[in-house]
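This report concerns only the one structure given below.
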Amino acid sequence: MTGMSSRRSGSRARSKSASRAASPVPRACPCGLPRTYEDCCGRYHSGSAAAPTAEALMRSRYSAFVVRDEAYLLRSWHPRTRPADVAFDTTMRWTGLEILETRDGSAFHTTGTVTFRASYRGGSMHERSRFERVDGAWVYVDGEVPES
């Protein structure tokens with residue numbers, strides 16, 4: 001989700017603890033599924049479970065942007081495209097995630113794409129994200145803005 005960190009400028013949250021203080025962990029999962037954060041994306045963020053599909057990873061990465069979990073975002077980024085750090089815009093307030101299309105990315109695939117719309121106060125971004133498995137785990141490779 002390149003756009004979620006780099007399309008808007010703003011101050012950067014450098015450490016996980018500093019960023020967590022600025023954005024409390026929500027009770028409901030930000031990804032939009034009807035579960036608590038702890039039972040949904042929080043378990044991927046903590047490392048107690050791995051995202052089983054590309055869509056689950058996409059949802060967990062969106063939630064990581066909401067809670068500003070830089071360590072998880074970097075850990076779930078493909079090594080060949082991973083940046084040194086994640087630039088969070090601390091003024092941005094994410095308001096929702098809509099999955100528009102999922103291609104492949106199941107337990108039986110090695111690659112997949114997820115097209116989504118992430119809304120924030122004042123607008124939204126649309127991206128088609130590419131995912132691959134590395135050592136059995138789904139990771140984010142890159143994304144592009146689909147043509148209308």
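Side-chain atoms of T110 and E132, non-hydrogen and from C-beta on, never get closer than 4.5 Å to each other. Within the 4.5 Å cutoff, the side chain of Y120 has no heavy atoms near those of the D89 side chain. Here the side chains of S60 and S76 are not in contact, with every heavy-atom distance at 4.5 Å or above. Two residues are said to be in side-chain contact when any heavy atoms from C-beta on lie closer than 4.5 Å; R59 and L33 meet this criterion. Contact annotation: the side chain of F131 never approaches that of T113 to less than 4.5 Å [non-hydrogen atoms, C-beta and beyond].
One N or O on the side chain of R93 and one on the backbone of T90 form a donor-acceptor pair closer than 3.5 Å. At least one donor-acceptor pair closer than 3.5 Å links the side chain of T95 to the backbone N or O of S119. A side-chain donor-acceptor contact under 3.5 Å links Y62 to the backbone of G96.
When the side-chain contact (heavy atoms from CB on, under 4.5 Å) test is applied to T81, the partners found at least two apart in sequence or on another chain are W77, H78, V141. Taking H109 as the reference, D104, S106, W138 meet the side-chain contact (heavy atoms from CB on, under 4.5 Å) condition, with sequence neighbours excluded. With sequence neighbours left out, the side-chain contact (heavy atoms from CB on, under 4.5 Å) criterion links A49 to R43, Y44. Residues satisfying the side-chain contact (heavy atoms from CB on, under 4.5 Å) criterion with T115, sequence neighbours excluded, are L100, E101, H126, R128, P146. Every side-chain hydrogen bond (donor to acceptor under 3.5 Å, both in side chains) that S46 has, sequence neighbours left out, goes to S48. With sequence neighbours excluded, the residues forming a salt bridge (charged side-chain N to carboxylate O under 4.0 Å, His left out) with R117 are E98, listed by chain and number.
Expressed to the nearest 0.5 Å, how far CG of D69 lies from NE2 of H45 amounts to 5.5 Å.
In this structure, M58 is a member of the same hydrophobic cluster as L74, with clusters built from ILVMFWY side-chain heavy atoms closer than 4.5 Å. One hydrophobic cluster holds both F88 and M125 under the rule that ILVMFWY side chains link at heavy-atom gaps under 4.5 Å. Under a hydrophobic clustering in which Ile, Leu, Val, Met, Phe, Trp and Tyr are joined whenever their side-chain heavy atoms come within less than 4.5 Å, directly or via other members, V139 and F116 fall into different clusters.
At a cut-off of 3.5 Å, with distance as the only test, a side-chain donor of E127 or S129 sits close to an acceptor on the other residue.
The shortest heavy-atom contact between C31 and S63 is N-OG, 3.3 Å. Taking both residues in full, the closest heavy atoms of L73 and R61 are given as O-NH1, 2.9 Å, listed atom of the first, atom of the second, then distance. Between P52 and R133, the closest heavy-atom pair is O-NH2, 3.9 Å.
A salt bridge is defined here as a Lys NZ or Arg NE, NH1 or NH2 lying under 4.0 Å from an Asp or Glu carboxylate O, and E70 with R75 fails to meet this definition.
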